[in-house]
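Notes to accompany the following structure.
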Amino acid sequence: MRGWDQRRDGLFSYVRPESRIPSSHPLRLIRRVADEALAALDAPFAALYSENGRPSIPPEQLLRALLLQAFYSIRSERQLMEQLNYNLLFRWFVGLSVDDPVWVPTVFSKNRDRLLEGDIAATFMAAVLNLPRVKALLSDEHFSVDGTLIQAWASMKSFRRKDGNDEPPAPGRNGERNFHKEKRSNESHASTTDPDARLARKSNGEGAKLAFTGHLLMENRNGLVVDAGLTHATGTAEPEAALAMLEALPDAGHKTVGADKAYDTAAFVADSRAAGVTPHVAQNINAHRGSNIDGRTTRHAGYRVSQVVRKRIEEANGWIKQVGGMAQTKLRGVKRVAWMFVFKAAAYNLIRLPRLLATG
């Protein structure tokens, strides 16, 4: 018998949002892990808020919403609020009932910026990694490092001379600007849109762009990110940031670190060894110079293993940039961009946990 197309706009519903979520959905495990980590952040959250005044957006719900934004590549807070308005899966994950109103996008953004003060992104990542079932997945001996450029939210037309003695763009919303025969460098020029951005390029075959440099430290057993950071884009940013992350690791036991040719510098190799870390970096041998590591390191089988495994860190960088939306940041200032980069690295770890915990 044919069913009839009739609208059933019921006024009341007695179905819980959780009942609509499949029992095998990966967000179920992710939410349990995230909730355990957020429970450990109660004291840092309390330090950021006054005991008086109107209640703000709960920081736990705000961070869960930001996780969804990373998982599902949602471009803006406005689109995130639109999804939260009608998506039962999103409402359940964040902790909103069917009747709860969603937040105004500008209010959501302002509350997000409050979490910058307590470095909540790094604290949240550490809380996830310190959970017993997650900690069991981590290696404490073998690591990999890598850096990537995060394009700034600034146009090349904003890259102006610091002394003001250059031709301004033509009038209009997107006025033309003639750069022909003009030499531009970070010493003489700066972006008027985001002064923290620097002109940089990842390799000789690419064009320079205004950017920051993001840094990741990965453990080699399961490829989880154990530390992340973001700095100004300078020629020495990658080895300097990598060394700082390696020195922050616990001192127990000898360690190795795999890296690409950008880390084959005398300072990084010597300082890594001084910190008790064997640098398994790719040899950068060309017509002008030799490598800073020799056969005493490369002859070991562990060196070859590190060079194979370290390429997995590119998966983390690729996910953070393409899925997590950090290929070009929509924030300005190194502090805000760094906070979001670290948080997207934490989101990358969470999205991988359902499969790792199921097989581990």
Side-chain angles (χ1 to χ4, degrees), residues 62-63 65-81 83 105-125 145-160 174 186 189-203 206-217 225 227-235 237-238 240-241 245 313-351:
L62 191 149
L63 289 178
L66 288 176
L67 287 175
L68 290 174
Q69 187 176 16
F71 296 159
Y72 291 92
S73 304
I74 300 174
R75 295 195 305 269
S76 66
E77 283 80 8
R78 190 169 298 277
Q79 288 188 344
L80 178 62
M81 295 305 106
Q83 287 271 5
T106 52
V107 174
F108 182 87
S109 299
K110 193 172 185 63
N111 277 263
R112 177 203 63 203
D113 290 344
R114 180 193 294 268
L115 301 182
L116 290 172
E117 302 173 8
D119 199 16
I120 294 299
T123 307
F124 176 67
M125 172 185 277
V145 292
D146 193 29
T148 187
L149 288 184
I150 303 298
Q151 188 172 350
W153 193 249
S155 167
M156 287 298 294
K157 294 179 181 180
S158 72
F159 198 57
R160 305 286 302 280
N174 191 21
N186 291 315
H189 290 63
S191 171
T192 57
T193 303
D194 188 349
D196 286 341
R198 299 290 185 269
L199 195 64
R201 60 182 178 182
K202 187 65 174 175
S203 64
E206 298 180 359
K209 57 187 177 183
L210 291 172
F212 303 92
T213 302
H215 312 276
L216 296 180
L217 177 65
V225 176
D227 200 356
L230 183 134
T231 62
H232 296 290
T234 66
E238 291 188 35
E240 290 173 354
M245 291 190 291
I313 201 170
E314 299 290 350
E315 299 175 12
N317 273 326
W319 190 94
I320 291 170
K321 293 174 71 171
Q322 300 303 322
V323 179
M326 289 296 293
Q328 182 177 19
T329 179
K330 294 178 176 61
L331 303 174
R332 294 172 182 164
V334 66
K335 185 177 180 180
R336 299 177 74 200
V337 180
W339 190 96
M340 190 57 69
F341 182 81
V342 174
F343 186 79
K344 295 297 175 67
Y348 171 77
N349 285 342
L350 285 171
I351 205 69

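A quick note: this is a predicted structure, and the numbers were derived from the prediction, not measured.
Rounded to the nearest 0.5 Å, atoms CZ (R336) and CG (L230) are 13.5 Å apart. Atom CD in E77 sits 10.0 Å away from atom OG1 in T106 (nearest 0.5 Å). Taking CD1 of I150 as the reference point, atom OG1 of T329 lies at 8.0 Å (rounded to 0.5 Å). Between atom CE of residue M326 and atom CZ of residue F212 there is a gap of 9.0 Å, rounded to the nearest 0.5 Å. Atom CG in L66 sits 12.0 Å away from atom CD1 in I120 (nearest 0.5 Å). Between the CG atom in L350 and the CE atom in M125 there is a gap of 9.0 Å [rounded to 0.5 Å].
Taking every heavy atom of both residues into account, A237 and H232 meet most closely at CB-O, 3.6 Å. The two atoms that bring S158 and S155 nearest to each other are OG-O, 2.6 Å, heavy atoms only. Heavy atoms only, all atoms of each residue included: Q69 and S76 are closest at NE2-C, 3.5 Å. Between N186 and F159, the closest heavy-atom pair is OD1-CZ, 3.7 Å. Shortest non-hydrogen contact noted between R112 and L331 is NH2-CD2, 3.5 Å. Between L80 and A65, the shortest heavy-atom contact is CD2-O, 3.6 Å.
No side-chain donor-acceptor contact under 3.5 Å links Q151 to the backbone of L210.
Residues T213 and T231 have side chains that never bring a donor and an acceptor to within less than 3.5 angstrom of each other.
Applying the side chain to side chain donor-acceptor pair (under 3.5 Å) rule to T148 yields the partners K321; only residues at least two apart in sequence or on another chain are considered. With sequence neighbours left out, the side chain to side chain donor-acceptor pair (under 3.5 Å) criterion links R332 to no other residue. Every residue two or more places apart in sequence or in another chain that forms a side chain to side chain donor-acceptor pair (under 3.5 Å) with D146 is listed here: N317. In terms of the side chain to side chain donor-acceptor pair (under 3.5 Å) criterion, T123 has no residue partners (sequence neighbours excluded).
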For residues 340-349, which side-chain donor-acceptor pairs fall under 3.5 Å, sequence neighbours excluded?
{"residue": "K344", "atom": "NZ", "partner": "G324", "partner atom": "O", "Å": "2.4"}
{"residue": "N349", "atom": "OD1", "partner": "V225", "partner atom": "N", "Å": "2.9"}
{"residue": "N349", "atom": "ND2", "partner": "V225", "partner atom": "O", "Å": "2.8"}

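Identified under the salt bridge (Lys or Arg N to Asp or Glu O under 4.0 Å) test for residues 189-201, with sequence neighbours left out: none.
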Exercise for the section: Before giving the answer on side chain to side chain contact (heavy atoms under 4.5 Å, CB included), spell out for M245 and L216 the whole-Å C-alpha distance, their side-chain angles and the decisive distance to 0.1 Å. Expected result: CA-CA 9 Å; M245 291 190 291; L216 296 180; 5.9 Å; no

Exercise for the section: Begin with the C-alpha distance, continue with both residues' side-chain angles, and end with the deciding distance and a verdict on side chain to side chain contact (heavy atoms under 4.5 Å, CB included) for L115 and L63. Expected result: CA-CA 9 Å; L115 301 182; L63 289 178; 3.7 Å; yes

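Counting only heavy atoms from C-beta outward, the side chains of V145 and E238 never approach each other to under 4.5 Å. When side chains are defined from C-beta on, H189 does not count as touching L199, because their heavy atoms never get closer than 4.5 Å.
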